[in-house]
Amino acid sequence: EKKPYLFYHPKMGKPNNFFIMELELKKAIKEEQFELYYQPLISVSSSKLVGFEALIRWNHPTEGLISPVKFIPLAEQTGLIQDIGNIVFKKACMQLRKWKDKGFNNINISVNISMNQFRNQLLVENIREILQETNVNPYDIGIELTESSLIDNMEETTLKLHELKNLGLSIAIDDFGTGYSSLGYLIDFPIQRIKIDRTFTKVIGKNEKIKAIVSAINTMAETMDIEVVAEGIETEEQFYLMQKLNCNVVQGFLFDKPLPIEEVERKWLIFRE
Ligand code: C2E
Ligand code: MG
Ligand code: MG
Ligand code: MG
């Protein structure tokens with residue numbers, strides 16, 4: 001028997017106000033309380049916007065905006081991630097369709113796929129259907145997977161990644177370097193992008209060993225024709241160091257935080273002469 005997961009929200013004060021999150025999450029799916037925010041990714045060589053990472057927010061009617069860190073783990077545990085994952089993928093595709101139709105031709109969107117969503121047998125079929133339905137070019141959509149989603153069952157994983165790649169999607173390893181997994185998978189997995197985790201970016205200025213690791217990652221990636229994204233850039237110093245170490249793309253609060261659609265359009269999707 002599954003018990004509801006009780007989520008205590010400090011704002012609510014008394015423990016009798018425990019927030020019954022599993023039920024709330026089901027309701028959120030039915031009532032479409034999810035919204036995607038978009039964070040810009042910038043090319044280091046051209047300084048131009050290359051696209052956005054889509055990041056889910058739960059717009060709860062009384063709690064306000066809830067971070068994915070607070071509900072994705074529960075969604076994973078309860079299986080609700082399948083529905084939520086499909087909602088996210090579809091929203092991102094529909095948004096990209098709209099932006100392309102407005103004439104922003106060179107942008108792509110990447111979407112996070114969590115472990116249990118990746119392992120679901122229906123993933124490839126669901127993605128294929130949504131791509132068809134929304135009429136977006138799969139080459140403009142990326143998916144982000146963490147190392148931990150990929151480590152067990154190498155054969156099945158490799159096969160699935162190739163299926164996704166064959167649909168046209170580009171595949172990124174998210175939070176690269178934090179998963180304690182072997183680099184060997186880079187040989188067999190069809191990967192286009194590595195995202196260096198913020199834990200590295202955070203200390204890049206004061207840690208020579210981390211600099212050496214990032215530099216080695218970039219050398220390796222270049223040989224393998226893999227693009228490297230430095231995540232979590234907050235300061236100019238971090239940006240210049242990541243640039244010096246040959247990262248291709250940057251993302252972080254220095255450029256902008258994840259933004260709702262209207263703000264993305266106002267701040268980033270403007271035509272320049
Ligand atoms: P992630 O995919 O590694 O996303 C990057 C996180 O770092 C985002 O947090 C983003 O807001 C934050 N971030 C970006 N730049 C900076 C910076 O310069 N400084 C700091 N301190 N943080 C920065 P967010 O949006 O809270 O998402 C957290 C995690 O939740 C994501 O990590 C991802 O693993 C998961 N997530 C978010 N959206 C989705 C989704 O639609 N589906 C799934 N399955 N997971 C999602
Ligand atoms: Mg990500
Ligand atoms: Mg990341
Ligand atoms: Mg990260």
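Just so you know, these numbers come straight off a predicted model, no measurement behind them. Counting starts at 1 for both ligands and their atoms, following the listed order.
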A.B. asks: Considering Ser67, Gly232, Pro68 one by one, which has a heavy atom nearer to atom 36 (N) of ligand 1 than any of the others?
C.D. replies: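 Result: the heavy atom closest to atom 36 (N) of ligand 1 is in Pro68.
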A.B. asks: Test Asn112 against Glu53 for side-chain hydrogen bond (donor to acceptor under 3.5 Å, both in side chains), laying out the working first.
C.D. replies: CA-CA 8 Å; Asn112 293 284; Glu53 176 174 2; 2.8 Å; yes
A.B. asks: Any heavy atom of Gln251 closer to ligand 1 than 4.0 angstrom?
C.D. replies: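 Contact absent.
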A.B. asks: If you count the atoms of ligand 1 from 1 in the order shown, which ones are under 4.0 Å from a heavy atom of Gly252?
C.D. replies: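 Close to Gly252: 15 (N), 18 (O).
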A.B. asks: As a check for students: among Leu36, Leu145, Ile143, Leu55, identify the option with a heavy atom nearest to atom 10 (C) of ligand 1.
C.D. replies: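 When every heavy atom of Leu36, Leu145, Ile143, Leu55 is considered, Leu55 comes closest to atom 10 (C) of ligand 1.
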A.B. asks: To the nearest 0.5 Å, what is the distance between OG1 (Thr223) and CG (Leu186)?
C.D. replies: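 Those atoms lie 11.5 Å apart.
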A.B. asks: Is there a donor in the side chain of Glu144 and an acceptor in the side chain of Ser110, or the other way round, less than 3.5 Å apart?
C.D. replies: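 The criterion, which ignores hydrogens and geometry beyond distance, is satisfied for Ser110 and Glu144.
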A.B. asks: I'd like to know if Arg97 pairs up with Asp140 as an ion pair, taking the criterion as any Lys NZ or Arg NE/NH1/NH2 lying under 4.0 Å from an Asp or Glu carboxylate oxygen.
C.D. replies: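 Looking at Asp140 together with Arg97, the answer is no, because their closest N to O distance does not fall below 4.0 Å.
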A.B. asks: Which N/O/S atom belongs to Glu144 and is the closest one to the Mg ion (ligand 2)?
C.D. replies: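 Of all N, O or S atoms belonging to Glu144, OE1 is the one nearest the Mg ion (ligand 2).
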A.B. asks: Does even one non-hydrogen atom of Lys257 get within less than 4.0 Å of ligand 1?
C.D. replies: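 The answer is no, since Lys257 has no heavy atom less than 4.0 Å from ligand 1.
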A.B. asks: Taking 4.0 angstrom as the limit and counting only heavy atoms of Asp175, give me the atoms of ligand 1 inside it, by number and element.
C.D. replies: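 Those qualifying, in numeric order: 3 (O).
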A.B. asks: Which ligand 1 atoms, with their elements, are less than 4.0 angstrom from a heavy-atom of Arg198?
C.D. replies: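 Near Arg198, meaning under 4.0 Å from one of its heavy atoms, ligand 1 has 19 (N), 20 (C), 21 (N), 22 (N).
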A.B. asks: When the ring planes of Tyr185 and Phe176 are compared, do they come out parallel, tilted or perpendicular, using 30° and 60° as the limits?
C.D. replies: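 Rings of Tyr185 and Phe176: perpendicular, over 60°.
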A.B. asks: Do any N or O atoms from the side chain of Asp175 and from the backbone of Thr178 form a donor-acceptor pair under 3.5 angstrom?
C.D. replies: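 Pair absent, no side-chain N/O of Asp175 close to backbone of Thr178.
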A.B. asks: What atoms of ligand 1 come closer than 4.0 angstrom to any heavy atom of Pro258?
C.D. replies: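 Numbered from 1, ligand 1 contributes 11 (O).
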A.B. asks: So, do Val44 and Asn248 sit near enough that their side-chain heavy atoms are less than 4.5 Å apart?
C.D. replies: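 No, every pair of side-chain atoms sits at 4.5 Å or beyond.
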A.B. asks: Answer yes or no for Arg57: is there a heavy-atom contact with ligand 1 below 4.0 Å?
C.D. replies: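 Contact present.
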A.B. asks: State if Glu76 counts as touching ligand 1 under the rule of any non-hydrogen atom under 4.0 Å.
C.D. replies: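 Heavy atoms of Glu76 never come under 4.0 Å of ligand 1.
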A.B. asks: Kindly confirm whether the Mg ion (ligand 3) is within less than 2.8 Å of some N/O/S atom in Asp174?
C.D. replies: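 Under 2.8 Å: Asp174 contacts the Mg ion (ligand 3) through an N, O or S atom.
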A.B. asks: Are Gln82 and Asn120 linked by a side-chain donor-acceptor pair shorter than 3.5 Å?
C.D. replies: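 A pair is found: one side chain offers a donor N or O, the other an acceptor, under 3.5 Å apart.
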A.B. asks: May I ask you to list the atoms of ligand 1 that are less than 4.0 angstrom from any heavy atom of Gln39?
C.D. replies: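 In order of numbering, the contacting atoms are 14 (C), 15 (N).
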A.B. asks: Indicate whether any N or O donor in one side chain lies under 3.5 Å from an N or O acceptor in the other, for Ser114 and Glu76.
C.D. replies: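 Result is yes, a qualifying pair exists.
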A.B. asks: Look at the N, O or S atoms of Glu231, main chain and side chain alike, and state whether any lies under 2.8 Å from the Mg ion (ligand 3).
C.D. replies: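 Within the cut-off used here (under 2.8 Å), Glu231 does place an N, O or S atom near the Mg ion (ligand 3).
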A.B. asks: With a heavy-atom distance limit of 4.0 Å, tell me whether Glu231 approaches ligand 1 through its side chain, its backbone, both, or neither.
C.D. replies: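 The answer is the side chain of Glu231.
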A.B. asks: I need the atoms of ligand 1 closer than 4.0 Å to a non-hydrogen atom of Ile233, numbered in the order shown.
C.D. replies: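 Numbered from 1, ligand 1 contributes 18 (O).
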A.B. asks: Apply side-chain contact (heavy atoms from CB on, under 4.5 Å) to Lys195 and Gln251, showing your working.
C.D. replies: CA-CA 10 Å; Lys195 300 190 77 177; Gln251 175 182 5; 2.9 Å; yes
A.B. asks: With rounding to 10 degrees, what does the angle Glu53:OE2 / the Mg ion (ligand 2) / Asn112:OD1 come to?
C.D. replies: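 That angle is 90°.
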A.B. asks: Under 4.0 Å from a heavy atom of Val88: give me the atoms of ligand 1 that qualify, with their elements.
C.D. replies: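 Going through ligand 1 atom by atom, the ones under 4.0 Å from Val88 are 41 (O).
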A.B. asks: Considering the options Met94, Lys98, Lys91, which one meets the side chain to side chain contact (heavy atoms under 4.5 Å, CB included) requirement together with Thr134?
C.D. replies: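 For Thr134, the side chain to side chain contact (heavy atoms under 4.5 Å, CB included) check succeeds only for Met94.
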A.B. asks: Does any N/O atom on Ile56 come nearer than 3.5 Å to any N/O atom on ligand 1?
C.D. replies: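 Right, the criterion is met.
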A.B. asks: Taking the six-membered ring where the residue is Trp, are the ring centres of Phe52 and Trp99 under 6.0 Å apart?
C.D. replies: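 Between Phe52 and Trp99, the centre distance is under 6.0 Å.
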